Amino acid sequence: MIDNLFNWIDDRLAISRGGRHLLNKIFPDHWSFMLGEIALYSFIVLLLTGIFLTLYFVPSESSIVYHGAYLPIDGQHVSQAFASTLDITFSVRGGLLIRQMHHWAANIFIGSAVVHLLRIFFTGGFRRPREVNWIVGANLLILGIFNGFLGYSLPDDLVSGTGIRIAFSILESVPFAGSYLATFLFGGNFPGNGAIIPRFFIIQVLILPLAILGLLSAHLGMLVRHKHTQFKTPGAREDNVVGTPLWPTFMTKTLAFFFLTTGITVLLGAVAQINPIWQYGQYYPWKVSYAVQPDWYMGWLDGALRVMPSWEIHLPGHMIPNVFFPAVLLPGITFTVLMMYPFIEERLTGNVAEHHLLDRPRDRPVRTAFGCAVFAFYFVLFGASATDVLANYLNLSLNFVLWTFRILCIVVPIVVFPVAYKICKELEGVPEGGKRKVHNLIVRDPAGGYSTIPAEEYPGYESIELEPVDVEKVESLTAAAAAKNGDGRTEGVYEIPREYR
Amino acid sequence: MRSLRRLLAPAAVVVAALALGLLVWSPASKPAATPGLSGSVLTAATSSNNSAQQSEGKTLFDESCSSCHGINAQGSALGPNLRGVGSGTVDLWVSSGWMPLANPTQQPARKPPLFNRQQTIAIADYVASLSSSKGFPIPNVSLKGANVSQGMSIFAENCAPCHTITGAGDALSGGINAPPLHGVTETQIAEAVRTGPGNMPRFGPGTLSNSQVRDVIAYVTRYIEHPVNPGGNGLGGVGPVAEGFIGLFVGVGLCVLVAFWIGDRTPRSPEGAEEHGGDGPEGGSGGDGSDPGGDGSASQREVEHV
């Protein structure tokens with residue numbers, strides 16, 4: 001019956017051939033290949049919860065008198081955006097949970113994208129032919145950060161309003177074009193003429209999600225096109241992929257992973273309060289709270305703003321303000337170098353060959369040490385965004401903490417580079433490093449004592465080695481023939497029960 | 001019967017509210033016009049001018065305060081002159097445990113007060129009696145008719161820039177802290193607002209009227225000290241720092257752990273495979289054999305030629 005249905009569909013759409021091909025896509029088994037999936041699944045959570053929130057959110061700055069469920073704001077003049085966020089929080093059934101899930105999922109989305117990026121970087125997964133995909137990934141990260149910031153700004157609360165004010169100043173600090181850029185985006189001087197929230201809204205819920213979806217499709221499309229990279233496991237070669245086919249095994253795994261990621265988001269949304277805007281109140285330009293930070297993914301920028309000494313450049317007739325260096329130049333350099341890194345490394349090493357086998361980080365000590373040092377730099381900046389909170393909790397002077405971070409952001413990378421390099425070199429000299437330990441068996445001797453011996457030395461112990469099934473050998477067994485791709489790389493179709501030897 | 005019961009609950013609420021109002025808001029005697037203390041909202045507590053209490057205050061002051069502030073509160077190199085500061089200032093510093101200070105160079109921090117309420121008032125009255133200028137007396141705070149919405153608005157404008165909008169407190173420059181506002185009393189808030197302890201500005205009656213101070217006190221004691229946290233744990237009210245920590249280490253961390261659980265572990269180098277000649281009985285699933293994800297993947301491991 002189901003077979004008939006599938007046949008009927010296939011007769012008309014002819015999807016079985018391509019579909020079969022897709023279902024047979026091989027995914028490597030190593031856990032670090034699943035980090036990007038966290039980002040993918042939290043993005044799905046973002047889309048679903050975001051759709052729910054759009055149904056209730058009113059993207060307008062026009063002022064109304066709030067008469068809702070939260071007493072301390074009753075009777076205050078608030079924007080419709082803020083009032084509708086309060087209503088989502090207190091009056092819409094399940095609204096607070098969805099709002100909190102949305103916010104936590106955003107934090108997880110960008111966090112897992114960074115972790116995924118680090119995995120690709122340290123294992124050399126960006127090398128030819130995957131440079132373009134690396135650039136697409138970097139752009140996904142940038143769009144994610146932008147969209148996170150916009151989403152954080154939409155409720156029009158005291159804390160996010162301060163963030164928008166800072167963003168306006170950052171835009172203004174761009175030499176020559178700054179004031180035009182800022183007034184263009186905000187529809188006038190800050191705080192705009194009621195244009196900020198509606199504009200941010202349409203960018204946040206439509207334009208950027210579409211861009212992210214498009215880039216995400218390109219990201220995954222190229223992943224299918226290039227096929228996965230893999231670690232140097234037994235049987236893995238440059239010209240093959242060892243792993244698990246999408247259907248049915250990997251599908252099961254990855255669906256479970258989707259549900260667990262969603263579950264973690266629900267858990268956080270249910271037990272950990274995030275962005276309690278009702279405690280912050282409506283934003284007015286003359287109101288400000290201390291201890292205001294952006295969400296964590298903007299933290300390194302906020303930290304850079306904090307540690308930057310108050311230097312300005314005075315040109316004849318024009319002044320380049322201090323804000324420009326940490327908030328425009330630094331991210332500009334950061335993302336340019338990030339996107340150009342595959343080409344920089346190609347140029348420096350002269351290694352332009354295709355790579356489908358991944359490096360272990362220790363095998364490339366210079367790259368690993370460089371990556372660690374750069375990451376350490378941004379991590380210190382990230383920490384610097386909490387100078388006030390750290391000073392308060394550690395009972396230190398704020399000025400002392402700030403100066404500590406100024407020094408650390410120079411010293412830490414300088415220290416991390418040689419240390420990471422040395423660790424890589426030392427690990428290279430340890431042949432058994434990273435290998436699996438031999439099993440030990442606990443055996444009881446006739447006298448009743450216990451001892452441990454390596455499993456291999458135990459009489460009768462049979463070590464069973466799993467050999468990957470070579471598709472070429474069994475191709476004749478399969479009904480479908482191998483299809484030639486345009487680039488001449490063969491792909492097989494394989495429905496082979498794996499055998500234990 | 002039923003309608004009577006239906007009426008009973010609201011009636012009880014009204015009675016309870018009235019009783020509570022009477023308990024909390026006991027307006028004391030109308031004061032003489034003292035700075036910042038007029039109207040029925042903040043009223044001067046009746047300062048007992050009885051000599052027994054003042055002599056007790058003098059004894060306590062001489063024992064615990066005079067080593068820095070001087071024997072007649074005239075001040076010394078170690079502590080400021082207290083003549084004319086008013087009993088409200090003294091009450092705030094003593095009742096919050098800031099004073100006495102073990103080390104006069106150290107920044108006062110909140111600690112359990114050394115003196116009980118009656119002793120504190122005795123000291124405050126004694127210090128106030130040393131000068132003809134009365135300063136700011138200990139207020140009696142009445143929250144009757146307080147508007148928390150107004151209070152929140154004033155709080156955001158005047159208090160949040162240092163104490164933060166959630167009242168969590170934070171570090172200001174130069175090792176000075178804006179203390180957290182959890183666990184402060186109505187009287188202490190009024191005293192702090194009106195007298196401006198330490199780095200805090202003094203908000204006189206020209207800046208904030210008595211009823212505005214009342215509104216702030218109502219907001220702080222009801223919503224800052226008992227925040228409404230319907231979303232779960234409030235994470236200390238320090239905003240995105242704590243949220244980012246949770247998002248990264250709990251959110252992303254748990255997801256990575258799940259990936260680690262579902263996926264395969266350490267990749268083996270080819271040499272390693274040859275040396276050890278293989279794995280556990282389950283093939284690719286690692287040594288522990290307790291890895292359900294690994295089992296599944298092992299049984300499906302295949303090669304794709306590219």
Side-chain angles (χ1 to χ4, degrees), chain A residues 26 29-31 34 38 72 74-76 96 100 107-108 111-112 158 227 231 233-234 239-242 244 249 253 257 260-261 264 268 271-274 279-281 287-291 293 295-296 386 388-389 391-392 397-398 435 438-439 463-466 468-471 489-490 494 498, chain B residues 148-149 152-153 156-157 160-162 164-166 170-171 173-175 177 223 227 229-234 238-241 243-244 246-248 251-252 254-255 258-260 262-264 267-270 272-273 276-278 280-281 283-284 287 296-306:
Chain A
I26 298 291
D29 299 319
H30 194 253
W31 65 271
M34 309 187 86
I38 305 173
D74 189 68
Q76 289 188 27
L96 179 60
Q100 298 204 131
N107 276 357
I108 294 175
S112 52
L158 182 67
K227 303 191 174 63
F231 285 110
T233 46
D239 62 349
N240 68 4
V241 184
V242 178
T244 310
T249 317
K253 262 188 183 185
F257 199 26
L260 283 163
T261 307
I264 288 165
L268 277 177
V271 303
Q273 181 168 283
I274 190 162
Q279 294 175 10
Y280 301 159
K287 286 183 183 173
V288 71
S289 166
Y290 197 39
Q293 286 86 15
D295 265 350
W296 75 265
D388 53 333
V389 176
N392 195 32
S397 157
L398 179 62
K435 285 175 192 162
V438 184
H439 302 128
S463 173
I464 300 164
E465 168 68 357
L466 168 71
V469 180
D470 194 328
V471 172
R489 294 165 81 194
T490 349
Y494 2 83
R498 201 198 57 77
Chain B
V148 284
S149 178
M152 182 193 188
S153 197
E157 207 167 324
C162 291
T164 82
I165 190 71
T166 58
D170 206 359
S173 56
N177 289 322
Y223 287 96
N229 286 332
N233 191 301
V238 290
V241 171
E243 292 163 3
I246 300 290
L248 286 180
V252 180
L254 275 179
C255 290
V258 168
F260 194 64
I262 295 180
D264 249 16
R268 283 185 309 167
S269 60
H276 298 307
S297 69
S299 63
Q300 292 289 333
R301 174 172 280 213
E302 294 182 18
V303 182
E304 181 180 28
H305 280 261
V306 291

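Reminder, nothing fancy here: chain letters follow the sequence lines and each chain counts from 1. This structure is a prediction, so every number in the text was calculated from the model and none was measured.
- Heavy-atom minimum distance, B:V241 versus A:A386: CG2-CB, 3.9 Å.
- When every heavy atom of A:G111 is checked against every heavy atom of B:L248, the shortest pair comes out as CA-CD2, 4.0 Å.
- Heavy-atom pairs under 4.5 Å with chain A were tallied for B:G244, B:C162, B:G239; the largest tally goes to B:C162.
- Of the listed residues B:G232, B:A171, B:G174, the one with more heavy-atom pairs under 4.5 angstrom with chain A than any other is B:A171.
- Both the backbone and the side chain of B:C255 come within less than 4.5 Å of a heavy atom of chain A.
- Residues A:P72 and B:Y223 meet the side-chain proximity criterion, which asks for heavy atoms closer than 4.5 Å.
- Using a 4.5 Å cut-off between heavy atoms, B:I246 touches chain A through backbone and side chain atoms alike.
- In this structure the side chain of A:D295 reaches within 4.5 angstrom of the side chain of B:E243, judged on heavy atoms.
- The nearest pair of heavy atoms linking A:A291 to B:T164 is CB-CG2, 3.4 Å.
- Without hydrogens or angle criteria, A:Q273 side chain to B:G234 main chain gives no donor-acceptor distance under 3.5 Å.
- Residue A:S397 comes nearest to B:G175 through the heavy atom pair OG-N, 3.5 Å, listed as atom of the first residue, atom of the second, then distance.
- Looking at A:I274, the atoms closer than 4.5 Å to chain B (heavy atoms on both sides) sit in the backbone and in the side chain alike.
- In terms of non-hydrogen atom pairs under 4.5 Å with chain A, the most contact-rich of B:V238, B:V252, B:V148 is B:V252.
- For A:Q279, the parts lying near chain B are the backbone and the side chain together; criterion is any non-hydrogen pair under 4.5 Å.
- Side-chain atoms of B:N177 and A:N392, non-hydrogen and from C-beta on, do get closer than 4.5 Å to each other.
- If you measure heavy-atom distances from A:D388 to chain B, the contacts under 4.5 Å come from both the backbone and the side chain.
- Using a 4.5 Å cut-off between heavy atoms, A:I108 contacts chain B through both its backbone and its side chain.
- In this structure the side chain of B:P161 never reaches within 4.5 angstrom of the side chain of A:K287, judged on heavy atoms.
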>> I'd like to know whether B:T166 forms a side-chain contact (heavy atoms from CB on, under 4.5 Å) with A:Y280, so could you lay out the CA-CA distance, the side-chain angles of the two residues, the decisive distance to 0.1 Å, and finally the verdict.
In response: CA-CA 7 Å; B:T166 58; A:Y280 301 159; 3.9 Å; yes
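- Contact of A:V389 with chain B is made through backbone and side chain together, with heavy-atom distances under 4.5 Å.
- Put simply, the side chain of A:Y290 never gets that close to the backbone of B:I165: no donor and acceptor are under 3.5 Å apart.
- Annotation: the span from A:D74 atom CG to B:M152 atom CE amounts to 12.0 Å, rounded to 0.5 Å.
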>> Between A:L260 and B:I262, does the side-chain contact (heavy atoms from CB on, under 4.5 Å) criterion hold? Intermediate values first, please.
In response: CA-CA 11 Å; A:L260 283 163; B:I262 295 180; 4.3 Å; yes
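- Between A:F257 and B:V258 the shortest side-chain heavy-atom distance falls below 4.5 Å.
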